[in-house]
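Notes for the one structure printed next.
All values below come from the heavy atoms of this structure, side chains included, with hydrogens, waters and symmetry mates left out. Just so you know, these numbers come straight off a predicted model, no measurement behind them. For this chain, numbers begin at 1 and follow the sequence in order.
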Amino acid sequence: MNRPAQKFNRVPRRRRYLIHLCCTHDEGSRACRYVARIQLWTSRSSVHTKTHERVFTDEYDLIETINPLLSQGSDVRNVISHIENPDGFLYLLYLTSEEASCLGWRE
């Protein structure tokens with residue numbers, strides 16, 4: 001007698017993304033606009049991957065979006081000063097497609 005096929009719990013597939021958080025300044029007011037640039041992570045730098053971006057409405061929007069994606073105990077507020085520097089700040093995160101779309105990723 002054959003055993004019934006087991007149903008596997010479908011865990012959402014996670015992929016590795018490189019997230020570049022930076023600040024662009026408005027030329028007139030010099031106000032900071034927070035931007036997330038997201039791309040699939042590749043081990044070879046010679047491979048060109050597409051990049052998408054999301055502009056946040058303000059610092060609070062940035063915090064509300066990024067913090068749930070970080071590991072427990074991490075807080076994007078701890079790196080705001082790095083984000084506002086010319087080089088910005090990089091995160092390498094494992095995200096579901098839904099989480100990545102919150103940062104502007106489109107398949």
Side-chain angles (χ1 to χ4, degrees):
M1 181 190 245
N2 290 339
R3 297 173 61 192
Q6 290 182 331
K7 291 185 179 180
F8 295 101
N9 289 336
R10 290 235 158 192
V11 177
R13 181 176 175 219
R14 292 185 174 273
R15 297 169 80 182
R16 197 182 246 179
Y17 294 89
L18 182 64
I19 314 300
H20 179 224
L21 298 176
C22 60
C23 175
T24 60
H25 293 281
D26 183 286
E27 288 184 29
S29 66
R30 298 293 299 158
C32 179
R33 288 182 3 166
Y34 295 101
V35 178
R37 293 187 180 104
I38 181 172
Q39 66 183 54
L40 278 171
W41 181 83
T42 62
S43 59
R44 291 176 275 144
S45 61
S46 62
V47 175
H48 180 70
T49 60
K50 58 185 172 179
T51 301
H52 300 284
E53 78 176 32
R54 173 183 172 177
V55 177
F56 297 96
T57 55
D58 56 22
E59 184 177 327
Y60 301 105
D61 186 25
L62 170 77
I63 293 165
E64 286 180 347
T65 304
I66 300 296
N67 274 351
L69 306 176
L70 302 178
S71 60
Q72 186 175 1
S74 295
D75 192 324
V76 72
R77 288 175 281 210
N78 295 332
V79 296
I80 290 286
S81 62
H82 296 286
I83 294 169
E84 293 174 349
N85 283 332
D87 292 334
F89 191 80
L90 296 172
Y91 280 111
L92 186 58
L93 301 173
Y94 282 100
L95 303 173
T96 64
S97 59
E98 188 175 273
E99 291 169 331
S101 69
C102 292
L103 296 175
W105 182 254
R106 295 178 303 282
E107 291 292 328

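Atom OG1 of T42 and atom CZ of R16 lie 11.0 Å apart (nearest 0.5 Å). Atoms CG and CD, from D58 and E64 in turn, are 8.0 Å apart once rounded to the nearest 0.5 Å.
Legend: residues meeting side-chain contact (heavy atoms from CB on, under 4.5 Å) with S97, ordered by chain and number and at least two apart, are absent. With sequence neighbours excluded, the residues forming a side-chain contact (heavy atoms from CB on, under 4.5 Å) with L70 are I66, N67, S74, V76, Y91, L93, listed by chain and number. Every residue meeting the disulfide bond (SG atoms under 2.5 Å apart) condition with C32, not counting sequence neighbours, appears here in chain and number order: C23. Residues passing the side-chain contact (heavy atoms from CB on, under 4.5 Å) test with Q39 are L18, T49, T51, sequence neighbours excluded.
Using modelled atom types, no side-chain atom of N85 and backbone atom of D87 make a donor-acceptor pair closer than 3.5 Å.
Side-chain contact between L90 and L21 is absent, with no heavy-atom pair separated by less than 4.5 Å.
In terms of hydrophobic clustering, with Ile, Leu, Val, Met, Phe, Trp and Tyr side chains grouped at heavy-atom distances under 4.5 Å, L69 and I63 are assigned to a common cluster. With hydrophobic clusters built from ILVMFWY side chains whose heavy atoms lie under 4.5 angstrom apart, L40 shares a cluster with L95. Note on V79: it clusters hydrophobically with L62, by side-chain heavy-atom contacts below 4.5 Å among ILVMFWY residues.
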| said: Under the criterion salt bridge (charged side-chain N to carboxylate O under 4.0 Å, His left out), I'd like the reasoning laid out for R14 against E99: C-alpha separation, chi angles, the key distance, then a yes or no. | reply: CA-CA 9 Å; R14 292 185 174 273; E99 291 169 331; 2.8 Å; yes
| field | Criterion side chain to side chain contact (heavy atoms under 4.5 Å, CB included) on E59 and I83, from CA distance to verdict | value | CA-CA 11 Å; E59 184 177 327; I83 294 169; over 6 Å; no
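The minimum heavy-atom distance linking R106 with G104 is given by the pair NH1-O, 3.1 Å.
Screening residues 49-74 for ring pair (Phe, Tyr, Trp, His ring centres under 6.0 Å) gives H52-W105 as the qualifying pairs, with residues at least two apart or on separate chains. Applying the salt bridge (Lys or Arg N to Asp or Glu O under 4.0 Å) test to pairs two or more places apart or on separate chains, those with a residue in residues 31-40 are R37-E53.
For the residue pair E84 and Y34, a side-chain donor N or O sits within less than 3.5 Å of a side-chain acceptor on the partner.
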